Amino acid sequence: MSLTSRVPLPGARARQGLTCPYCFAVVPVHELRFRCRGGAGRRPGCAPVLDETLAAYLGSTAGASLPPVFSASGRRTRAACPDCGQETGNRVCPECHNPLPAAYCDSPGRIVALVGAKNAGKSTYIAVLLHELMNRVGTELDASLVACDDRTIDRYKRDFARPLLEERRLLPTTTSAAAGPREPLVYLLTRTRTRRGRAARLGGGRRTESLVLVLFDTAGEDLRSRHVTDLHLRYLEAADAVIFLVDPLQLPGARAAVAADPAGPDPGDDPDSEPINIIARVTEALRARHGTPPGRRLPVPVALALTKIDALRPELLRQSALRRDRSGEGALDLDDREAVDAEVRALLHRWQAGQLDLFLDQQYEDYALFGLSALGGMPEDGRVGPGGVRPYRAEDPLLWLLYRFGMLDGVRPQSSRRDSGG
Ligand SMILES: Nc1nc2c(ncn2[C@@H]2O[C@H](COP(=O)(O)OP(=O)(O)OP(=O)(O)O)[C@@H](O)[C@H]2O)c(=O)[nH]1
Ligand SMILES: [Mg+2]
Ligand SMILES: [Zn+2]
Ligand SMILES: [Zn+2]
């Protein structure tokens, strides 16, 4: 594959516009609206008013008093407010009035959905993955992760970072969406790539690319029932990529591979919470949205990650690729990727969960297997273990997706060859 070719946006054909990362409505770009910048200091501008549409989305009027929204051609990047005359570049979704970052309007798509059964480790993973992206991994990739709205910043701190990373308390079970409206966390991941060789000579050396990372902390409970809430279902349908988290301790054949007796509920025999059934339900939603006929495989890249790898018996992983540190600074190490993929596949089959592998193979054109640990060690008494949070390979699925989206190079350190996505 040539260095200049881009991986087509998954689902781009099926989509008639842009998918709002907050309400997941599909909106034609010319229907996007603008929000007045408002006045600030000596700068004149419209005063805040209660935005009823935003308040309805939030389920509360708190935080919904903002300068007014107006219509203008959403294809343009800026428009003048009809009331105060000030130019603004703040575009919003016409359905829910949430802000849409310019980079997202220009290259829509790439919503990454995170799915897993109850207790799979989703909330913990979200807390740790975002922290890694904002710090160590962000630096390594030359990528910045910026929250798209203030509510995302507040909620990440309050519900994820403060309890888990600062106070070292395990996160509570996520409450069902039925108990109250919940919102996704919306981030823009921007990466400046310096291209090499021929590609650099043809198309300029630097290119900035972005990915909107929409993480919806679903309650495992909600994915059990066929009755998933509307917003939930739209989120899953809108996904351009899916990360399935599977707790190995919930796989029947894996219990013997666990070092200590795992805390947490017994997987029991509730078929609705079995990983295969959850994956099947999400697959159904994606098929409906993409209109993929039976027999054809879905074009949405899927990562399946075993969580809590730290809980496995050490001898099981002694020679394992899963225990090695990831190499490939600022790039995806393809040799390592293949080794981990093969190893997780072998574990799944050994643990009588080979059907997960077979199912993904039948349903998806492109899927990859991962093993990770968000905490890096067994928790004790509702708290993070004594060593603190030491994530291990938590970023791997995301690096692979970035590679699939053409935002990250692949390398084979043995032969030092570079390959850009796909
Ligand atoms: N050993 C180990 N345990 C983990 C790890 N991550 C999560 N856990 C354990 O799994 C439990 C559940 O994690 P959560 O992140 O709350 O799981 P969830 O998928 O959000 O669960 P629901 O919100 O109930 O759907 C935690 O309380 C920890 O006990 C990990 O990396 N290693
Ligand atoms: Mg949770
Ligand atoms: Zn919206
Ligand atoms: Zn105005």
Side-chain angles (χ1 to χ4, degrees), residues 33-40 43-49 66-72 78-88 90 114-130 132 155 159-160 163-165 168-177 179 182 185 215-225 232 243-250 254 257-265 267 272-273 275 278 305-313 322 370-385 387-394:
R33 301 172 113 204
F34 289 85
R35 186 182 297 283
C36 173
R37 288 168 71 200
R43 190 184 73 210
C46 297
V49 287
L66 293 166
V69 164
F70 62 89
S71 301
R78 304 188 68 78
C81 172
D83 291 328
C84 68
Q86 281 214 71
E87 279 240 318
T88 173
N90 303 333
L114 190 76
V115 181
K118 190 166 180 60
N119 210 47
K122 298 177 296 296
S123 302
T124 310
Y125 183 63
I126 288 176
V128 168
L129 177 68
L130 292 172
E132 290 282 279
R155 265 177 327 116
D159 298 344
F160 297 91
L164 187 76
L165 304 172
R168 297 192 176 184
R169 286 185 286 119
L170 295 182
L171 299 174
T173 289
T174 307
T175 53
S176 165
R182 251 213 329 284
L185 298 162
L215 296 174
F216 201 68
D217 189 14
T218 49
E221 189 185 330
D222 285 346
L223 288 164
R224 284 174 60 221
S225 67
H232 234 97
I243 301 177
F244 286 115
L245 295 184
V246 174
D247 177 356
L249 318 183
Q250 287 174 0
V258 174
D261 203 26
D272 266 347
S273 63
I278 288 174
L306 293 177
T307 55
K308 315 184 190 179
I309 280 293
D310 60 273
L312 300 179
R313 281 212 315 270
L322 284 172
F370 300 83
L372 56 88
S373 166
L375 297 178
M378 287 299 268
E380 289 166 23
D381 301 329
R383 299 182 58 82
V384 174
V389 175
R390 289 164 304 169
Y392 176 71
R393 284 187 177 270

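No hydrogens, no waters, no symmetry mates; every other heavy atom, side chains included, goes into these values. One-based numbering, in listed order, for ligands and for the atoms of each. Predicted model only: the values in this text are computed from it and were never measured.
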**Request:** Can you sort out which atoms of ligand 1 are near K118, meaning under 4.0 Å from one of its heavy atoms?
**Result:** 24 (O), 25 (O)
**Prompt:** Any heavy atom of G116 sitting closer than 4.0 Å to ligand 1?
**Reply:** no
**Where ligand 1 meets A374 - atom numbers and elements under 4.0 angstrom, heavy-atom basis** = 31 (O)
**Message:** Using the rule given for side-chain contact (heavy atoms from CB on, under 4.5 Å), can you reason through L249 versus N119, listing the C-alpha separation, both sets of side-chain angles and the distance that settles it, and then say yes or no?
**Reply:** CA-CA 10 Å; L249 318 183; N119 210 47; over 6 Å; no
**Message:** Applying a heavy-atom cut-off of 4.0 Å, say which part of T174 lies close to ligand 1: side chain, backbone, both or neither.
**Reply:** both
**Message:** Heavy-atom pairs closer than 4.0 Å: do any link ligand 1 to the side chain of S373, the backbone, both, or neither?
**Reply:** both
**Request:** Give a yes/no on ligand 1: does A127 have at least one heavy atom closer than 4.0 angstrom to it?
**Result:** no
**Message:** One pair to check against side-chain contact (heavy atoms from CB on, under 4.5 Å): L372 and T307. What are the steps and the verdict?
**Reply:** CA-CA 5 Å; L372 56 88; T307 55; 4.1 Å; yes
**Asked** With only distance considered, is K122 within less than 3.5 Å of ligand 1 through an N or O on each side?
**Response** yes
**Item:** Nitrogen or oxygen of L170 less than 3.5 angstrom from that of ligand 1
**Value:** no
**Request:** Angle at the Mg ion (ligand 2): provide the value between OG of S123 and OG1 of T174, rounding to 10 degrees.
**Result:** 90°
**Sub-4.0 Å atoms of ligand 1 with respect to non-hydrogen atoms of S123** = 15 (O), 18 (P), 20 (O)
**N119 to ligand 1, any heavy atom closer than 4.0 Å** = yes
**Fill in**
Exactly one candidate in L185, L164, L245 meets side-chain contact (heavy atoms from CB on, under 4.5 Å) with I126; the answer is L185
**Interatomic spacing from NZ in K308 to CG in L375 - rounded to 0.5 Å** = 8.5 Å
**Request:** List nothing but the number: protein N/O/S atoms under 2.8 Å from the Zn ion (ligand 4).
**Result:** 4
**Message:** R78: which residues meet the side chain to side chain contact (heavy atoms under 4.5 Å, CB included) condition with it, sequence neighbours left out?
**Reply:** E87
**Item:** M378: numbered ligand 1 atoms lying under 4.0 Å from its heavy atoms
**Value:** 1 (N)
